[in-house]
Amino acid sequence: MTSLLLLRLLTEEFHDSIGVLLPPAALRRQLVNSSDVRALATGIRFGEVTADETREFVGMIMKEFRPGEYFHNNLALAALAVAMETWSSEFVEEYLLDLARLTAPELNISARIARECIKKRFALPKNDLRVLHYPRRIAPRFTSRGMRMSELPEEPAITRLDFLPKKYARSS
Amino acid sequence: MPQLEYFVVCRDVLANMQTDEITLSHVLEDVFPEAYPHLIAKATAVSVWNINADDAKLDYQATLVVKVPGNADVQFPMNLAKRRSRYRAMQSILDIPIDKPGDIIFEVLLNGVHQASHTVRMHPVDDGTMKSGVSAPPPKA
């Protein structure tokens, strides 16, 4: 099911709120200030709108694309690019680059906005967090207490369940 | 060539999703283990790079080298992303085994060239003996 935050981009109310189509840099600023785009950006950031949902949404609106005809959802593609421009993920990278590469005149607005977004994105830091294990061949298996597995006593440390309240103790 | 802004090793990193600010918590400098062998459960090496517009299209490899006393050096390579002017490389290394006291050196290389290092001192086990040779009184029961 497509999120309402995405569907909002297809409404006339959203189109009216943006007003006349400005040059790319000014239009991008206009979209950044739009409450609908800001709500969508927050939704993306906090996982309310997922990458799969966005993909599905883009697929849905692109079904209406007819070469040589005015494309009504151009602004929705541009708004989506602006909403995701600060988000660091493979999907966003792919979306912005693919959109910026398009040369079809029907998609001129969204492609030029995507290029603006890429310019803006260049100034933002990219966070790359990786979790790595120290190699096992060097680090023999340790327990959480820092003992090697081979150094563990043969008998388990806790052999009786005396610490449990009596009502939980199993009667033998 | 990318310029290293800072390099530090800490226990953990927190990222604020709204502001994109990061918090480095518990910077590792001195560790006083209760016994050896000791295990550092997690150490996060953070290196922040500034990349010129001309260099943003080129490939650069930042390598983290971990030198633990008594063990062979271990390398963790990472490619810096293209099309960015700044890059925060955060590498969390889990389960670093320490067999004896000494200095653990975390070194960062850019295309194989040394850029910075961070030293964590592993102190010997405190056996209760003061420097003057007088034994510390036993703890009260």
Side-chain angles (χ1 to χ4, degrees), chain A residues 38-49 83-101 114-152, chain B residues 5 12-22 33-53 56-57 62 64 66 68 70-99 104:
Chain A
R38 280 213 300 262
L40 178 60
T42 310
I44 291 167
R45 196 163 278 268
F46 289 98
E48 202 180 321
V49 180
M84 298 194 297
E85 69 179 11
T86 56
W87 190 238
S88 181
S89 84
E90 291 293 320
F91 168 70
V92 176
E93 200 84 22
E94 178 194 320
Y95 178 82
L96 291 176
L97 289 174
D98 285 352
L99 193 58
R101 258 186 231 124
R115 281 175 219 139
E116 285 294 318
C117 293
I118 289 171
K119 267 192 233 166
K120 165 78 183 168
R121 204 172 157 79
F122 177 73
L124 299 171
K126 156 100 177 153
N127 294 332
D128 194 346
L129 175 62
R130 298 185 190 184
V131 179
L132 308 152
H133 283 269
Y134 200 85
R136 283 278 159 85
R137 65 186 159 76
I138 295 173
R141 286 192 67 198
F142 277 79
T143 64
S144 57
R145 288 182 182 178
M147 296 169 77
R148 291 179 199 277
M149 294 299 272
S150 56
E151 290 170 355
L152 277 175
Chain B
E5 182 76 27
D12 217 342
V13 177
L14 306 170
N16 186 325
M17 291 180 81
Q18 275 190 313
T19 59
D20 203 27
E21 292 169 339
I22 58 168
E34 285 181 2
Y36 285 100
H38 179 74
L39 190 72
I40 294 182
K42 188 178 180 186
T44 305
V46 182
S47 50
V48 176
W49 302 86
N50 288 325
I51 306 170
N52 297 328
K57 291 171 190 164
L64 174 71
V66 183
V68 174
N71 278 348
D73 297 354
V74 182
Q75 296 198 348
F76 299 96
M78 191 181 219
N79 284 326
L80 302 186
K82 292 178 185 177
R83 294 183 294 275
R84 289 302 179 106
S85 61
R86 246 166 4 113
Y87 194 84
R88 289 178 186 150
M90 295 175 262
Q91 290 163 292
S92 288
I93 316 295
L94 305 180
D95 298 343
I96 303 174
I98 315 293
D99 287 332
I104 308 172

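Naming: A, B, ... by sequence-line order, numbering from 1 per chain.
Looking at every heavy atom in both residues, B/F76 comes nearest to A/P135 through CZ-CD, 4.3 Å.
Residues passing the side chain to side chain donor-acceptor pair (under 3.5 Å) test with A/R115: none are found, sequence neighbours excluded. Not counting sequence neighbours, the partners of A/R130 by the salt bridge (charged side-chain N to carboxylate O under 4.0 Å, His left out) test are A/D128.
Atom OG of residue B/S85 and atom CZ of residue A/R121 lie 11.5 Å apart, to the nearest 0.5 angstrom. To the nearest 0.5 Å, the span separating OG1 on B/T44 from CG on A/L129 amounts to 7.0 Å. A distance of 11.5 Å separates CG in B/D95 from OH in A/Y134, rounded to the nearest 0.5 Å.
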